[in-house]
Protein chains: 4
Amino acid sequence: MRMSSQKSSEARRVPQRQRGHERVAALVEAASECFVEKGYEATTMTEVAARAGASIGSLYQFFPTKEVLAQALVEQYSQAVYAELGKLAEQSAKWSTEELAQRLCAFLVTFRKRHPAFVILTESAHAPSVDGLTIRRRVRAELQALLARRAPHRSNDEMHAAAVVVQQIMKAAIAIHTEPGMPGRQAAVTQLQHAMQLYLHDVFGG
Amino acid sequence: MRMSSQKSSEARRVPQRQRGHERVAALVEAASECFVEKGYEATTMTEVAARAGASIGSLYQFFPTKEVLAQALVEQYSQAVYAELGKLAEQSAKWSTEELAQRLCAFLVTFRKRHPAFVILTESAHAPSVDGLTIRRRVRAELQALLARRAPHRSNDEMHAAAVVVQQIMKAAIAIHTEPGMPGRQAAVTQLQHAMQLYLHDVFGG
Amino acid sequence: MRMSSQKSSEARRVPQRQRGHERVAALVEAASECFVEKGYEATTMTEVAARAGASIGSLYQFFPTKEVLAQALVEQYSQAVYAELGKLAEQSAKWSTEELAQRLCAFLVTFRKRHPAFVILTESAHAPSVDGLTIRRRVRAELQALLARRAPHRSNDEMHAAAVVVQQIMKAAIAIHTEPGMPGRQAAVTQLQHAMQLYLHDVFGG
Amino acid sequence: MRMSSQKSSEARRVPQRQRGHERVAALVEAASECFVEKGYEATTMTEVAARAGASIGSLYQFFPTKEVLAQALVEQYSQAVYAELGKLAEQSAKWSTEELAQRLCAFLVTFRKRHPAFVILTESAHAPSVDGLTIRRRVRAELQALLARRAPHRSNDEMHAAAVVVQQIMKAAIAIHTEPGMPGRQAAVTQLQHAMQLYLHDVFGG
DNA sequence: GATGAATGAGCATTCATTCAT
DNA sequence: GATGAATGAATGCTCATTCAT
């Protein structure tokens with residue numbers, strides 16, 4: 001007796017055997033690599049399968065569409081961001097503004113190192129219907145909550161705007177880390193942190 | 001005897017007649033629209049030609065590959081950025097730090113409104129071999145020069161780092177302007193300007 | 001020692017247990033639905049299995065190919081047609097020509113309502129190698145016998161030709177019943193019966 | 001200046017050069033053969049192209065979809081049926097009922113010999129969105145008009161029903177002609193004509 | 001016997017690019 | 001120079017069938 005409706009074009013099929021789980025893991029890993037190296041559009045399902053040591057049919061067994069494949073990755077990663085962001089928020093209470101600025105600037109950079117496909121899939125404007133927007137908003141909401149604890153005297157609207165700014169600076173940190181062959185990269189990172197710190201000071205104290 | 005007839009197979013052919021210039025203009029315009037609407041990869045040469053009211057053969061007469069077409073667009077636009085950025089630098093001497101911050105945040109946003117394809121082609125990491133990197137560096141250099149006039153006591157390295165930060169904040173402004181359906185967008189923009197101002201104050205005065 | 005264990009690789013395996021019979025019944029039922037809804041070619045083994053609540057492997061346990069599956073359906077139904085046609089022939093002795101015409105026109109229509117896959121699989125010229133021809137001939141033979149009782153003075157050849165005509169009119173009845181949204185369908189059916197009656201009169205009496 | 005909107009998935013592209021017309025003709029011819037031999041679903045675009053001596057890209061240049069290809073065939077043929085049916089109607093006035101019956105039975109059979117794909121594409125229930133229904137209705141309407149001239153005393157509804165019956169008998173003629181290896185085919189055809197004649201007599205005279 | 005993962009040839013379709021007219 | 005037909009490798013995806021567990 002089945003319950004899940006398998007529309008073949010709806011959701012991914014969930015592996016039910018040991019072998020299946022391993023396959024899916026390899027597939028996801030391979031897909032991640034491909035997306036990072038060549039972007040969503042230029043990644044071919046054939047190559048993903050090949051890189052995972054699977055047949056094309058095997059790939060489609062679990063991910064009925066390239067889009068679903070990308071969504072699965074994003075889903076996986078976005079859960080991780082939320083979780084790690086939550087942890088950051090917890091610890092943030094005991095940090096100085098300077099340390100907070102530093103941690104925030106490092107956050108996405110570090111995350112991207114572990115899950116490189118996340119940022120690529122999320123930012124890519126013309127990628128799939130992977131809803132980067134939804135994720136960005138939720139991240140924003142978490143940041144807003146984090147900041148609000150430190151500036152209880154500010155309105156929600158003020159905190160939202162601040163969260164937007166902080167989020168953009170966090171993204172900027174990635175860009176600086178990512179740009180190939182940038183001279184004085186470390187100094188630039190430090191300056192960005194400094195800018196973040198100045199802004200946070202203003203938000204918390206002003 | 002023609003002057004400067006470029007025969008290197010990778011360069012676009014320069015139109016020799018009036019009619020040709022109109023053609024090229026229409027082609028470039030059509031390409032720009034397509035790239036904006038669907039991104040580099042998803043844009044087809046056939047559609048560009050069709051939208052310009054030209055035949056596919058005609059398009060290839062002037063732009064021997066899709067990549068060259070994109071590069072032509074970027075070339076055109078990048079000249080414009082440099083020029084406008086130069087003008088900004090000239091005028092910047094008489095502005096308060098606040099006004100400078102505001103102008104910098106508005107700069108790319110305004111530019112993008114006039115030339116939407118520029119940012120798309122430039123940012124898209126996996127698009128063509130359009131060298132966004134070169135452009136980014138030159139823009140950075142211009143910003144560095146602009147900032148250096150106000151902070152003569154700073155070293156070149158310090159100014160480079162500051163230019164990187166400023167550039168990133170300018171890009172952030174685009175992102176905020178571009179995100180669909182963002183609530184409190186105006187407040188966020190204002191906050192970003194504020195962050196820029198705080199940072200510039202520190203750079204100039206500290 | 002099993003009796004009649006069919007090992008020829010093209011024959012379906014006969015289920016040995018209670019559970020197996022239920023399975024097969026569900027499978028056949030599901031297949032019937034699929035064939036009716038989407039035709040032979042468009043029906044996938046995977047969907048048949050899913051609709052029967054079975055796994056694809058289970059389906060192949062009993063029906064080694066898609067073709068065998070279709071043949072099993074046709075086999076099942078064709079036995080039923082022969083049987084029902086036999087009953088019709090028995091009763092036909094006591095009917096007026098008018099009533100006979102009416103019954104004949106209704107026969108396939110009624111049968112199709114109970115076993116919709118039969119006609120689809122049988123008529124579809126390019127479907128499987130289901131031998132619709134054989135069935136058509138046997139049905140024809142039964143009709144010929146039925147008619148011959150009423151027209152003993154006619155030769156076999158004459159009766160064969162008449163059976164062909166009657167059979168075609170019976171098929172026509174299905175078409176009229178099946179065409180979607182036909183206006184005045186009832187009147188058309190009545191007219192077809194009338195045509196059948198006129199023809200039978202001629203055959204029997206002329 | 002173009003006028004026709006080329007939606008690439010909408011309509012077929014019309015050839016504009018000599019070469020193009022030849023290609024299209026060859027393509028259509030090849031498609032017709034394939035559809036006849038294997039039916040709509042089993043026909044592959046690759047084979048159509050190959051049989052026409054064209055590349056697959058060339059085929060898609062003119063027929064953006066397999067469905068459009070089929071529709072083009074049907075369109076072409078249906079215009080021909082209407083025209084020939086019109087001619088038949090004109091001449092029918094001077095025919096005896098017997099001759100009319102004979103001509104009607106022969107009509108589709110003859111047509112099918114010249115355009116074998118027509119019937120296949122039109123009758124195939126699960127083919128494309130080729131609207132066999134629309135064509136069938138229009139043919140029916142023509143038949144109704146033809147019959148109405150001979151039976152002015154009949155109502156429209158009566159004539160419609162009669163047209164349905166006549167059309168079905170015409171289709172039956174095809175079936176009899178088409179069935180492989182039928183013994184006594186000629187006698188059967190004659191009987192079908194006879195049945196048609198009996199029916200027409202009744203309609204016209206009764 | 002049941003299950004579901006694995007396979008890969010095959011299909012419709014796309015698109016950058018070339019070339020004859 | 002312009003036009004549009006030609007090309008074919010490449011892509012996303014399907015599905016009948018096999019097989020290890």
Side-chain angles (χ1 to χ4, degrees), chain A residues 8-9 13-24 41-49 53-67 69, chain B residues 13 15-17 19-20 23 41-49 54-67 69, chain C residues 13 15-17 19-20 23 41-49 54-67 69, chain D residues 8-9 13-24 41-49 53-67 69:
Chain A
S8 135
S9 49
R13 237 167 60 90
V14 175
Q16 316 199 353
R17 296 250 241 266
Q18 177 61 27
R19 185 92 184 260
H21 279 100
E22 291 163 11
R23 256 292 137 86
V24 166
E41 302 235 38
T43 292
T44 74
M45 294 298 267
T46 302
E47 196 193 334
V48 171
S55 71
I56 182 67
S58 219
L59 171 53
Y60 275 95
Q61 191 99 36
F62 296 105
F63 302 96
T65 315
K66 190 178 168 185
E67 201 176 319
L69 177 58
Chain B
R13 186 149 313 176
Q16 243 72 25
R17 314 209 187 190
R19 183 76 187 272
R23 244 307 121 89
E41 302 241 34
T43 292
T44 75
M45 293 298 268
T46 302
E47 197 196 334
V48 171
S55 69
I56 181 69
S58 198
L59 172 54
Y60 272 90
Q61 196 90 36
F62 296 107
F63 304 96
T65 69
K66 190 178 168 183
E67 204 177 314
L69 176 58
Chain C
R13 188 150 312 178
Q16 245 71 25
R17 313 208 189 193
R19 183 80 186 271
R23 245 306 121 92
E41 302 241 33
T43 292
T44 75
M45 293 298 268
T46 301
E47 197 195 334
V48 170
S55 69
I56 181 70
S58 198
L59 172 54
Y60 272 90
Q61 197 87 39
F62 297 107
F63 303 95
T65 69
K66 190 178 170 184
E67 204 177 315
L69 176 58
Chain D
S8 135
S9 48
R13 236 168 61 91
V14 175
Q16 316 199 352
R17 296 248 241 265
Q18 177 61 28
R19 185 91 183 261
H21 278 99
E22 290 164 10
R23 256 291 135 87
V24 166
E41 303 236 36
T43 293
T44 74
M45 293 299 266
T46 301
E47 196 193 333
V48 171
S55 71
I56 183 68
S58 220
L59 171 54
Y60 274 94
Q61 191 98 36
F62 296 105
F63 302 96
T65 314
K66 190 178 167 184
E67 200 176 321
L69 177 58

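Each chain gets a letter, A, B and so on, in the order its sequence line appears, and its residues count up from 1.
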- Find the distance Glu41(C):CD to dC11(E):P and express it as a whole number of Å. 11 Å
- Note on the structure: Taking dT17(E), dT17(F), dA5(F) as options, the one with an atom nearest any side-chain atom of Met45(B) is dT17(E)
- Under a 4.0 Å heavy-atom cut-off, which of residues 54-63 of chain D touch DNA chain F? Ser55(D), Ile56(D), Gly57(D), Ser58(D), Gln61(D), Phe62(D)
- Item | Atom-to-atom span, CD of Gln18(D) to P of dA6(F) - whole angstrom | 11 Å
- Using a 3.5 Å cut-off on both pairing distances, which stems of three or more Watson-Crick or G-U pairs include DNA chain E? E:2-21 with F:2-21
- Could you give the CD-to-P distance, from Glu47(C) to dT14(F), as a whole number of Å? 13 Å
- Query: With Phe62(A), which residues qualify under side chain to side chain contact (heavy atoms under 4.5 Å, CB included), at least two apart?
  - Reply: Pro15(A), Arg23(A), Val24(A), Leu27(A)
- Please list, chain by chain and in numerical order, all residues satisfying side chain to side chain contact (heavy atoms under 4.5 Å, CB included) with Ser55(A), sequence neighbours excluded. Ser58(A)
- Message: Strictly below 4.0 Å: does Arg23(B) bring a side-chain N or O up to OP1 or OP2 of dT3(F)?
- Response: yes
- Message: Within the structure provided, determine whether Thr44(C) and Lys66(C) are in side-chain contact (heavy-atom separation under 4.5 Å).
- Response: no
- How long is the line joining CZ of Arg13(A) and C1' of dC15(F), in whole Å? 13 Å
- Note on the structure: 5'-most contact on DNA chain F (nearest-nucleotide basis), Gly53(D) vs Lys66(A), goes to Gly53(D)
- Task: Give the rounded distance in Å between these two atoms: CD of Gln16(D) and P of dA6(F).
- Result: 12 Å
- Heavy-atom donor-acceptor pair, Arg19(A) side-chain to dT21(F) base, under 3.5 Å: no
- Can you name the nearest heavy-atom pair linking Met45(C) to Tyr60(C), along with the distance? CG-OH, 3.4 Å
- Note on the structure: In terms of heavy-atom contacts, Leu59(C) and Leu69(C) come closest through CD1-CD2, 4.4 Å
- Applying side chain to side chain contact (heavy atoms under 4.5 Å, CB included) to Thr43(A) and not counting sequence neighbours gives Cys34(A), Phe35(A), Lys38(A), Val48(A)
- Note on the structure: Assign each of Ala42(B) and Arg17(D) the nucleotide of DNA chain E bearing its closest heavy atom; nearer the 5' end lies the nucleotide of Ala42(B)
- Of Thr46(D) and Thr44(B), the one whose nearest nucleotide on DNA chain E sits closer to the 5' end is Thr46(D)
